[in-house]
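Just so it is clear, the model here is predicted, and its values are computed rather than measured. Along the sequence shown, residues carry numbers from 1.
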Amino acid sequence: MRHVIALDVGGTGMKAALVGAVDAAPSGGTPPVLHRARRATGREHGPDSVVESILAFAADLRSHGERHFGEPASAVGVAVPGIVDADRGIAAYSANLGWRDVPLRDLLSERLDGIPVALGHDVRTGGLAEGRIGAGQGADRFLFVPLGTGIAGAIGIDGRVEAGAHGFAGEIGHIVVRPGGTPCPCGQRGCLERFASAAAVSEAWAEASGDPDADAADCAKAVEAGDPRALAVWQEAVDALADGLVTALTLLDPRTLIIGGGLAEAGETLFTPLRAAVERRVTFQKLPSIVPAALGDTAGCLGAGLLAWDLLSTTSPSNPASEVTP
């Protein structure tokens, strides 16, 4: 059975799948996932170890496909964090993984006997899946914003995700929403992710509650219970998020705004006040649909599979992998 390898590389772990042909899925549905696996990145042993872990994992997945589905994978899609040069297939930088300028596409293709490889940014790859087969399905313009340790974004246009001229498009977490506010590791002060990420809410609630182990999920539960301290922390985050989102929708005019990540797991505890806060701020702008992400932590892996199938649809067998642009 024809299939591709999909790899979603995180800071400490990797999620992988063997993904069947897109045309084998029901109309508009999710491509069939034939096999799933997880493995640690081994980042505690350094960036070279992480790269070798990725290559070995991909090789094992290729062998699994040969044994169980009668043929090796036709292509590989891999999503990685940090700065990614998708056109050249280079993982340019990741603070969490410690690497710089890793020619990951070429290394994977070489390890896997020359099959084509598509490399993508983790959030944009997850956004591709959410837009095409998840919460943004059918929307010609969408913005995907996962609220996790930080905040990033993916700008969806007609079934693809815009990377920008230099690969930095969608970095909504570094919109300044509170000028002169909390310093951000990016060098600015008052960035959105310093106020509205899951990490920021966890930090604020730990301080407000006096419990150093409290996190954003605990804050959401306290909001639901009516704790005034939690309500104040939560509203500050919602207001900052609304300010950043209105800036983004003013520039991008998305039809659908998809919110994911850990903070979105609070459900309507987040979405009800967020929709109201965004609506209060818009003037001439058209209010988009604001919806929760549908694919959860499978988005990156499914998106990597879509990257691989897209790559196969735009290349011929005679094209060497090193000349492919995902």
Side-chain angles (χ1 to χ4, degrees), residues 121-124 126-131 134-137 139-157 161-164 168-179 181-182 184 186 188-202 204 216 219-220 223 231-296 299:
H121 179 272
D122 57 352
V123 172
R124 288 195 290 271
L128 176 68
E130 282 288 352
Q137 189 173 344
D140 55 347
R141 300 288 190 279
F142 70 88
L143 177 63
F144 170 56
V145 181
L147 310 173
T149 303
I151 299 178
I155 303 165
I157 304 171
V161 172
E162 174 59 44
F168 297 147
E171 290 292 347
I172 184 176
H174 297 289
I175 288 176
V176 174
V177 294
R178 299 292 181 265
T182 306
C184 180
C186 79
Q188 300 185 116
R189 299 180 70 94
C191 288
L192 175 60
E193 72 174 38
R194 299 302 297 144
F195 297 91
S197 64
V201 173
S202 295
C219 185
V223 168
L231 286 165
V233 167
W234 199 255
Q235 193 61 52
E236 181 180 3
V238 166
D239 285 340
L241 181 56
D243 287 340
L245 292 176
V246 169
T247 298
L249 68 89
T250 302
L251 292 171
L252 302 172
D253 188 26
R255 198 173 305 278
T256 304
L257 183 54
I258 306 166
I259 307 296
L263 212 59
E265 293 176 8
E268 287 306 312
T269 301
L270 174 66
F271 283 92
T272 296
L274 179 60
R275 291 186 184 108
V278 171
E279 188 168 6
R280 285 195 302 270
R281 286 162 170 77
V282 298
T283 53
F284 66 89
Q285 303 94 334
K286 183 71 173 177
L287 193 67
S289 298
I290 302 176
V291 300
L295 301 176

Is there a side-chain contact between F271 and V291, using heavy atoms and a 4.5 Å cut-off? no
Of all heavy-atom pairs between P146 and A152, which one has the smallest distance, and what is that distance? CD-O, 3.5 Å
Flag, side chain of R255 to backbone of F142, donor-acceptor distance under 3.5 Å: no
Verify, without hydrogens or angle tests, whether E130 (side chain) and A135 (backbone) share a donor-acceptor contact under 3.5 angstrom. yes
Residues L147, L241; criterion side-chain contact (heavy atoms from CB on, under 4.5 Å); working and verdict: CA-CA 10 Å; L147 310 173; L241 181 56; 3.7 Å; yes
Look up atom CD1 in I155 and atom CD1 in I172, then write down how far apart they are to the nearest 0.5 Å. 9.0 Å
How far apart are the closest heavy atoms of S197 and T149, and which atoms are they? OG-O, 3.5 Å
Spatial distance of atom CD (Q137) from atom CD1 (I258) [nearest 0.5 Å]: 10.5 Å
Within a 6.0 Å radius of atom CD on Q235, are there more than 12 heavy atoms belonging to other residues, nucleotides or ligands? yes
Non-hydrogen atoms of A169 and G164 that approach each other most closely: CB-N, 3.5 Å
R281 and D239, any side-chain heavy atoms less than 4.5 Å apart: yes
Would you call D122 and R124 a side-chain contact if the rule is heavy atoms closer than 4.5 Å? no
Heavy-atom side-chain proximity of P254 to L249 below 4.5 angstrom: yes
Calculate, to the nearest 0.5 Å, the distance between atoms OG1 and CD belonging to T182 and Q188 respectively. 13.0 Å
Looking at side-chain heavy atoms only, is the closest gap between L274 and L245 below 4.5 Å? yes
Residue pair F195 / I151, side-chain heavy-atom distance below 4.5 Å: no
Do you know which two heavy atoms are closest between Q285 and T283, and how far apart they sit? OE1-N, 2.7 Å
Atom CG of D140 and atom OG1 of T256: how far apart are they, to the nearest 0.5 Å? 8.5 Å
Taking side chain as C-beta onward, heavy atoms only, is E171 less than 4.5 Å from E193? no
Answer yes or no: is there a side-chain heavy-atom contact under 4.5 Å between F284 and T250? yes
Quick one: do E162 and R141 make a salt bridge, cutoff under 4.0 Å? no
Pair T269, W234 - check side-chain contact (heavy atoms from CB on, under 4.5 Å), show working. CA-CA 9 Å; T269 301; W234 199 255; 4.0 Å; yes
What closest approach, in Å, do V123 and A154 show between heavy atoms, and which atom pair accounts for it? O-CB, 3.8 Å
